[in-house]
Each structure stands twice: as structure tokens, then as C-alpha cells.
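Structure, as C-alpha cells:
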Amino acid sequence: ILMNTMHTETTTERKKVIFSAIQPSGSITLGNYLGALKNWVALQDEFDCIFALADLHTITVRQEPAKFRRNIMEAYALLLACGIDVGKSLFFMQSHVHTHAELAWILNCYTQFGELSRMTQFKDKSAKHADNINAGLFTYPALMAADILLYQADLVPVGADQKQHLELTRNIAERFNGLYSPTFVVPDPYIPKNGARVMSLQDPTKKMSKSDENANGCIALLDKPEDIMRKFKRAVTDSDACVRYAEGKDGVNNLMGIYSAVTGRTFEEIEHEFEGKGYGDFKAAVGEAVVEHLRPIQERYADYSKNKDYLEQCYRASAEKALAISQRTLRKVMKKIGYIL
Ligand code: TRP
């Protein structure tokens, strides 16, 4: 892989660096895939991409060890199956690259209590896990800032729920740069051209989430075809009985968004395709299209998950390269602060 330094030797213009991460906190969903992962895959030629499983972030919520371990391995294999290519990008586990935790500590000391208190995700999660409002949950954004700033990322693809954390990352970077001298690239959010926001099939006003109380609302990428079909057939729609995109038709709009994302058809084409047809036909068609889209991913996943040695080669090699890149930033930071290196 050609990372920053090598690029300067081979080309005059350096590719922009993208960093993003996802938590291995349970099954990866169709929402994760259409909203984020599909775009990560598409970015790999145009950018120098660095992707991580944010497994340090995950323990802000208590994890059962055996399950956590399985979730991490499953997420790693599944993201490769989705098309993350370690020949083009780096893809590793955050916990394997110790600079993340180190810079996170330092950035904690450049982040204000008041700033962290204003994070809406912190407020939401502390309401949800009132029995475990730990310090990690509170300082989570400083670790996220470290993830991004270590690689001098220019762009960070994030969904709406992480916008505020990225804004804080920018503030921390600017503050540090201002206190010392330019050290960090101040990252911009990257809003993908076709980032589908997938909603729950049971409550289409809420984001599709693996923690949905109603399991029928959420499609996991590894769901069996018959389960996918069943969930789509039960998806909530409306009484208008017409496949068209319109305000107030959240359920149908969501299904159209999913169908469009997996088939590449426009909303106009979809409306035309289902003219005069009922929701039953429509929902079955969406289910089938999703099943077909996921089939090759599920097949590749089955192959990768049988090949633990190959997976290990991939994540170790990426982590080694990530460590080398991130250490340059960490050393620069420590030197400016005054540490003896
Ligand atoms: N906090 C993010 C999430 O839960 C995951 C994440 C960790 C991340 N570090 C990041 C996303 C850095 C973007 C950049 O979705």
C-alpha cells in the first residue's frame, strides 16, 4: 500500500486521507452497510483509506468476553466480505495500535469537561445505561479525536450521529495547533453522494439499529434469506396503497430508499415499476433484491471466516503500518508538549 510518504516519491499530488471506524458491538446491519460501509468500499481507489474496528470504544458499554471476541472477528471478516481491500486500504483493530490510547490520554487534557458534557450521544447513552455511566463513556470523543488526528485525516465519513464528535475533533485539533504550532490536519466531514439513511422496518421514524426492541425492524447482513424476506413482508407501510415517495410515507420511503440503494434504480423508475401494484408485491421485490445483493457478501464471509490465518495476516499487517504512521504524529505531539523522547 502506498501511504503518505511513498506517495510523495511516486506522485507529486498526495491522495487525501480518509479515516473512519465502526464499533464491533453486535451484528452489522443493512443500515450500517448502505449508510456507511458501501461508501467506504467505493472510496478506496480515490483516497488513502484507513479503517478501524473501534473496539476500544465498544467497552464503554459492558461486553460479555466470549461474545465480544466473536463480534470482533465477525465484523472483521464481514467488512472484508463487503469489499474492504487490505491491498488498497488499511483495516485493523483499534486495540492493536497502542498509539490510539496514548494520544487519547493526551487529548483528554486538551478537552474541556464542559465540551464533553454537551455531547448529545453522552446524554443519550447515560440515560440508556444509567447503571454504568463510566468515565470512558464521557471521554469517548477524545479517543475518537485521537483515531482521526493520528493519521492526519483530511476527511471523515460520518453519519448524523457522529457529526458533533467530529466538530469537537476539529476544535481539539485547532486548539492544539494554536497552543503550539500546526500539528494536526483539521479534518472535514465527508458527506457521501449516496449515503442512504436506513430506518427501522417496524418504526420508520427511527434509524435501523441492532438494539431495536423489535428484531423485525432490523436486517443483519448475515440474516438468512428467509428471515430477510419475512422481515420485509412485515415491514410497516401506510394505507395509501401506492408506491410513491412522499412526505408522511416514512415506511414506503424507507423501502424505496433500500430498493434504490441495492438495485441502482431511481425513485422515478421504482414508482413506474410498481404502478398499479400493491405493497405485497413491492415488499417482496425489495426483500428479494436485498437477498440477492447480500448473497455474494454472505458467501465471501463464509470463506473468510473459515480462514482465520488469512484474517490474522490482514489485520496484523495493517496494524503494523498504522502504528508506523500514527507514531510519527504521536512523537510530534509529545515533543511539542515537552516530553523527553
Ligand atoms: N464512534 C463511532 C461510532 O460509534 C465509531 C468511531 C470511532 C469513529 N472512532 C471513529 C468514526 C473515528 C469515525 C472516525 O459510530
Side-chain angles (χ1 to χ4, degrees), residues 16-29 31-40 43 47-61 63 68 71-72 75-76 79 84 89-105 107-108 111 116 119-126 128-129 136-173 184-192 195 197-198 207-211 318-319 322 325-326 329:
K16 287 202 166 171
V17 174
I18 287 213
F19 182 92
S20 201
I22 184 170
Q23 289 195 51
S25 51
S27 326
I28 307 260
T29 69
N32 298 134
Y33 176 70
L34 295 179
L37 303 176
K38 202 162 163 271
N39 288 306
W40 291 12
L43 295 169
F47 300 97
D48 271 336
C49 292
I50 303 176
F51 300 123
L53 290 183
D55 55 356
L56 296 175
H57 281 102
T58 310
I59 65 163
T60 54
V61 173
Q63 302 292 319
F68 185 36
N71 284 342
I72 295 172
Y76 195 86
L79 263 66
I84 301 297
S89 310
L90 298 185
F91 177 41
F92 57 90
M93 294 156 198
Q94 184 189 33
S95 61
H96 286 182
V97 182
H98 57 76
T99 43
H100 289 248
E102 292 167 11
L103 184 63
W105 170 257
L107 296 183
N108 265 319
T111 307
L116 293 172
M119 295 294 115
T120 57
Q121 190 179 78
F122 172 70
K123 291 190 241 177
D124 294 347
K125 286 200 180 172
S126 20
K128 218 165 135 195
H129 304 277
L137 195 63
F138 188 62
T139 62
Y140 177 121
L143 175 58
M144 187 162 153
D147 296 341
I148 297 164
L149 299 178
L150 275 172
Y151 301 97
Q152 307 290 353
D154 301 288
L155 297 168
V156 182
V158 281
D161 58 330
Q162 298 298 322
K163 265 307 269 302
Q164 198 184 23
H165 292 160
L166 187 60
E167 202 47 51
L168 178 58
T169 299
R170 291 171 54 86
N171 292 340
I172 296 170
F184 296 122
V185 169
V186 180
D188 285 311
Y190 180 82
I191 314 291
R197 186 167 152 82
V198 179
K207 206 175 120 176
M208 180 180 282
S209 155
K210 49 203 158 206
S211 55
S318 273
I325 299 168
S326 60
T329 302

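Read the numbers this way: they start at 1 and go in the same order the structure lists the ligands and their atoms.
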Within the 4.0 Å heavy-atom shell around [X], which atoms of ligand 1 are there?
{"X": "Ala54", "answer": "7 (C)"}
{"X": "Gln23", "answer": "4 (O)"}
{"X": "Tyr140", "answer": "1 (N), 2 (C), 3 (C), 4 (O)"}
{"X": "Val156", "answer": "13 (C), 14 (C)"}
{"X": "Asp147", "answer": "7 (C), 9 (N), 10 (C)"}

Under 4.0 Å from ligand 1, counting heavy atoms only, is it the side chain of [X], its backbone, both or neither?
{"X": "His57", "answer": "side chain"}
{"X": "Leu166", "answer": "neither"}
{"X": "Ile148", "answer": "side chain"}
{"X": "Gln162", "answer": "side chain"}

What is the nearest protein non-hydrogen atom to [atom], stated with its residue, atom name and distance?
{"atom": "atom 10 (C) of ligand 1", "value": "Met144 CG, 3.5 Å"}
{"atom": "atom 5 (C) of ligand 1", "value": "Ala21 O, 3.5 Å"}
{"atom": "atom 12 (C) of ligand 1", "value": "Phe19 CE2, 3.4 Å"}

Exercise. Quick one: does Gln63's side chain have a donor or acceptor within less than 3.5 Å of a partner on Thr58's backbone?
Worked result: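 Side chain of Gln63 to backbone of Thr58, a donor-acceptor pair under 3.5 Å: yes, one is there.
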Problem set entry | Plane angle bin for Tyr140 and His165 - parallel if under 30°, tilted between 30 and 60°, otherwise perpendicular |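 Geometry flag for Tyr140 against His165: tilted rings.
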Problem set entry | Mutual orientation of the aromatic rings belonging to Tyr190 and Phe47 [parallel < 30°, tilted 30-60°, perpendicular > 60°] |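 Correct class here is perpendicular.
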Exercise. Are more than 12 heavy atoms from other residues, nucleotides or ligands located less than 6.0 Å from atom NZ of Lys16?
Worked result: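 No - once you tally the heavy atoms of other residues, nucleotides and ligands closer than 6.0 Å, there are 12 at most.
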Problem set entry | Flag if over 12 foreign heavy atoms under 6.0 Å of CG, Leu116 |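 Yes.
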For this session: Using distance alone, with no hydrogens and no angle criterion, decide if Asn32 and Thr29 have a side-chain donor and acceptor under 3.5 Å apart.
Result: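 The criterion, which ignores hydrogens and geometry beyond distance, is satisfied for Thr29 and Asn32.
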Exercise. Which residue, Tyr151, Trp40, Phe92, forms the ring-ring contact (aromatic ring centres under 6.0 Å, His included) with Phe51?
Worked result: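 Option passing the ring-ring contact (aromatic ring centres under 6.0 Å, His included) with Phe51: Trp40.
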Problem set entry | Ring centre gap for Phe138 and Phe122 strictly below 6.0 Å |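 Yes: the rings meet the under 6.0 Å criterion.
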